[in-house]
Number of protein chains: 2
Amino acid sequence: MITIKDIAEMANVSRSTVSRVLNDSGYVSEDARKRVERVVKETGYVPSEHAKSLRTKKTKVIGVILPTIQTETPSRIVTGLGRELSKHGYQILLANTDHDKEKELEFLDLLKVRQVDGIVLIATNTDDKLMEKIKEINTPLVMIGQEAEGVIHVTYNDYRATKELTRLFIQKGHEKIAFIGVDESDRSVGHFRKQGYLDEMAAQGLSVDKAWVQKGIFDIESGYEAMKQILNHAVNKPTATIAVTDRLAIGAMSYLKEQGMDIPTDMAIAGIGASEMSQYLEPPLTTVDYQNEKAGEEGAKQILACINSKPFQERIVMNYRLIIRESVQ
Amino acid sequence: MITIKDIAEMANVSRSTVSRVLNDSGYVSEDARKRVERVVKETGYVPSEHAKSLRTKKTKVIGVILPTIQTETPSRIVTGLGRELSKHGYQILLANTDHDKEKELEFLDLLKVRQVDGIVLIATNTDDKLMEKIKEINTPLVMIGQEAEGVIHVTYNDYRATKELTRLFIQKGHEKIAFIGVDESDRSVGHFRKQGYLDEMAAQGLSVDKAWVQKGIFDIESGYEAMKQILNHAVNKPTATIAVTDRLAIGAMSYLKEQGMDIPTDMAIAGIGASEMSQYLEPPLTTVDYQNEKAGEEGAKQILACINSKPFQERIVMNYRLIIRESVQ
DNA sequence: AATTAATGTGGAATCGATACCACAATCAAT
DNA sequence: ATTGATTGTGGTATCGATTCCACATTAATT
């Protein structure tokens, strides 16, 4: 392996001078600079990141903790993160928790040890334990998808989006609207989306039958099950359903079709997330575009600002966009 | 930050001894070991990976280069990789090329500089330039999804899978079978899958109309377009279509439905990849499960074997599994 | 001409670990 | 009692960079 020492010898200068040229710092004569640059180019020399990190305590690596990369939301966020980070010479160290909260904590420690310059956490909860650990490791950190006091975060307007979605249904004349959510330990997807729905229903003077509100996990199958529950247990059958993710909506649609029900005539439905599939469903699914890639880019910008002690925003709320398609009428 | 020096002082031994305890190497008295271990536990000390890497030339990091993480195949592979690698204390450094061949080369260099212990390349081509660069960087490397001479690779049996898929259609009585592929610069998905189809057609004495064979890129939209081409340009209308990915199949189905055609009566269809959506389509899609996660795990095992100079297999071909659903009859 | 300031350069310490080597102490074998 | 393993420990060089500091040279100022 070729090192700074070799370059120094070949260019007939000291290692200090080579370093100065490389980092564009301190005084270097035009002559010496030229010689060093020539040798560097000829040899294709690139300084060792590890030696550099050891000395400077900077690694140019950002750790990204996520629950899975098998769904569109985190994938898109990581794509956005990667795009922005690579512009500034940063790389992503991936930590996949596979939805395991314990691993979330372990990875925070591990990334700390790896001395990443910053951490992006695509979180599914904001437990006390997690928040404590975040403070404890004392590394620049941005949370995406959940809001959290005292932590830089990029979130979506879950409450308003769901409220608007609910209003859309009501405007179309629906009064009996069902809701497929997820566990409320996920504040964003579980709690706020549900609250938006409930509040809008209440605001419009509509009552909510208990059987209309079901819960799934983050897969298609549980959307199917949730819709089954709704149809089997509701005395007063709803005419519309809001699912908090597109996959849940897809599962729900699957059950509806199996029962020979027409969408949207017998049951209107909407999801959230603007999955690629949503427009190819039958009928195309009404959904909400959250601009996940942009959220990732935004998160990257904030973590970089934080790392470089530039001004940053602690709280960023992304805009959303309703995509109204034939699954609603 | 707490270092080995601090531990040494606190435990009243030399740094060498601490290192020996930490790495379980050389002679250490029971007494000294106890003292060091106690101090380590009390302080929560963890050695700096960078200092370690600088000295040992090992980083416990595997670079993963992929074309995108927004589709299921690479996502699943990375999940499998991550699962296996993390078992052995390795982390993943992610390099997303966004389908840019140039970036593929750049990242190979970059990962080399980062001194990753190994590289996993989820490749979409096997260009000479790429192969050359792979030899040049001289880092343990495993390619997943493409086969390549002189490089450890994990592939799928693309040729046989497509051949079997074609045979399935023929057995069901189809004689006019269309094919939606991708560019043949992608040997696995483009070339071999097409060849499997062509060979089986020929083997069964069936001719292939030129208009039946169309090409798309890796998205739903181009599957739609390809099917449009087939139906508009084929004089002799096919009764079945094989698409080389589920997404292409989904696009094709979308066009068929738009034209009021029934699947599978008017057109039978099959995809490849066993996407999560495939079973929720209408009708559920016949497809091929490639066990991507397992391929990832397998790739991880090989790269680890290679790194630790243990015996490894240069060539691993994964098994596939036909999933026959209602889109074929 | 003498002093000060600006410009260049290299030596050496440092970052936090590992690993080789020398030396000490203990113990067994001749 | 001497030799020779075996066991245990610490000193020091090293990995490949950066950075501080000292020193040399040149240019600018009085």
Side-chain angles (χ1 to χ4, degrees), chain A residues 1-40 43-61 89 110-117 139, chain B residues 1-40 43-61 89 109-117 139 308:
Chain A
M1 198 199 172
I2 172 159
T3 75
I4 197 172
K5 200 177 151 216
D6 304 320
I7 302 296
E9 279 163 11
M10 293 168 78
N12 235 306
V13 292
S14 72
R15 286 140 70 212
S16 315
T17 304
V18 177
S19 177
R20 261 178 244 124
V21 172
L22 258 33
N23 297 292
D24 216 10
S25 64
Y27 297 110
V28 180
S29 67
E30 200 47 38
D31 185 49
R33 154 163 285 120
K34 282 264 168 58
R35 288 205 314 276
V36 170
E37 278 169 351
R38 228 193 79 232
V39 175
V40 167
T43 54
Y45 162 78
V46 227
S48 150
E49 288 292 336
H50 292 291
K52 225 168 169 165
S53 297
L54 180 58
R55 189 66 234 249
T56 62
K57 308 288 168 210
K58 302 228 157 290
T59 57
K60 290 267 180 178
V61 170
L110 183 63
L111 292 177
K112 166 91 179 173
V113 171
R114 290 265 185 201
Q115 299 192 71
V116 295
D117 290 346
T139 299
Chain B
M1 197 197 172
I2 174 159
T3 75
I4 198 172
K5 201 178 149 214
D6 304 321
I7 302 296
E9 280 164 11
M10 293 169 78
N12 237 307
V13 293
S14 73
R15 284 139 72 215
S16 315
T17 305
V18 177
S19 177
R20 262 178 244 123
V21 172
L22 258 32
N23 297 291
D24 215 9
S25 64
Y27 297 109
V28 180
S29 67
E30 199 47 40
D31 186 49
R33 155 164 283 120
K34 281 264 167 61
R35 284 201 322 273
V36 171
E37 278 169 351
R38 227 194 80 231
V39 174
V40 167
T43 55
Y45 162 77
V46 227
S48 150
E49 289 294 334
H50 293 290
K52 223 167 169 167
S53 297
L54 180 58
R55 189 65 235 250
T56 61
K57 307 288 167 209
K58 301 230 160 290
T59 58
K60 289 269 182 175
V61 171
D109 275 327
L110 184 63
L111 292 177
K112 166 91 180 174
V113 171
R114 289 266 185 198
Q115 299 192 71
V116 294
D117 291 346
T139 298
N308 301 312

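Just so we're on the same page: letters track the sequence lines, and every chain starts at 1. From a predicted model like this one, the values you see are computed outputs, not experimental measurements.
Between the side chain of Thr139(B) and the backbone N or O of Lys112(B), no donor-acceptor pair lies under 3.5 Å. Under a 3.5 Å cut-off, the side chain of Arg15(B) and the backbone N or O of Ala8(B) do not form any donor-acceptor pair. The closest donor-acceptor contact from the side chain of His50(A) to the backbone of Arg114(B) lies under 3.5 Å.
The distance from atom CE of Met1(B) to atom P of dT14(C) is 18 Å, rounded to the nearest whole Å. Taking atom CZ of residue Arg55(B) and atom C1' of nucleotide dA13(D), one finds them 8 Å apart after rounding to whole Å. Atom CG of Leu22(A) and atom C1' of dG16(D) are 12 Å apart (whole Å). The distance from atom CG of Asp24(B) to atom P of dT18(C) is 12 Å, rounded to the nearest whole Å. Straight-line distance from the CD atom of Glu49(B) to the C1' atom of dC15(C): 15 Å, rounded to whole Å. When the C1' atom of dT18(C) is taken as reference, atom CD1 of Ile4(B) falls 8 Å away, rounded to whole Å. Here dG16(C) presents its P atom at 13 Å from CD of Glu9(B), a figure rounded to the nearest Å. For Leu54(A) and dT18(C), the CG to P distance is 12 Å, given to the nearest whole Å.
Taking only side-chain atoms of Ala51(B), from C-beta outward, the nucleotide of dT18(C), dG16(C), dT14(C) with the closest atom is dG16(C).
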Pairs: protein N or O with nucleotides 9-11 of chain C N or O, under 3.5 Å:
from	atom 1	to	atom 2	distance (Å)
dT9(C)	OP1	Ser29(A)	OG	2.9
dT9(C)	OP2	Ser29(A)	N	2.8
dT9(C)	OP2	Ser29(A)	OG	2.9
dG10(C)	OP2	Ser14(A)	N	2.8
dG10(C)	OP2	Ser14(A)	OG	3.4
dG10(C)	OP2	Thr17(A)	OG1	3.0
dG10(C)	N7	Arg20(A)	NH2	2.8
dG10(C)	O6	Arg20(A)	NH2	2.8
dG11(C)	N7	Ser16(A)	OG	3.3
dG11(C)	O6	Ser16(A)	OG	2.7

Which protein N or O atoms sit under 3.5 Å from an N or O of nucleotides 23-28 of chain C?
none

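Note on Ser19(A): a side-chain N or O is less than 4.0 Å away from OP1 or OP2 of dT18(D). The side chain of Lys57(A) contributes an N or O atom lying less than 4.0 Å from OP1 or OP2 of dG16(C).
Of the options Val28(A), Asn23(A), Val13(A), a side chain to side chain contact (heavy atoms under 4.5 Å, CB included) to Val18(A) is made by Val13(A) and by none of the others.
Expressed to the nearest 0.5 Å, how far CD of Glu9(A) lies from NZ of Lys5(A) amounts to 5.5 Å. The NZ atom of Lys58(A) sits 12.5 Å away from the NZ atom of Lys52(A) when rounded to the nearest 0.5 Å.
A donor and an acceptor atom, one from each side chain of Ser14(B) and Thr17(B), are located under 3.5 Å apart.
Atom NZ of Lys57(B) sits in a crowded spot, with more than 12 heavy atoms from other residues, nucleotides or ligands closer than 6.0 Å.
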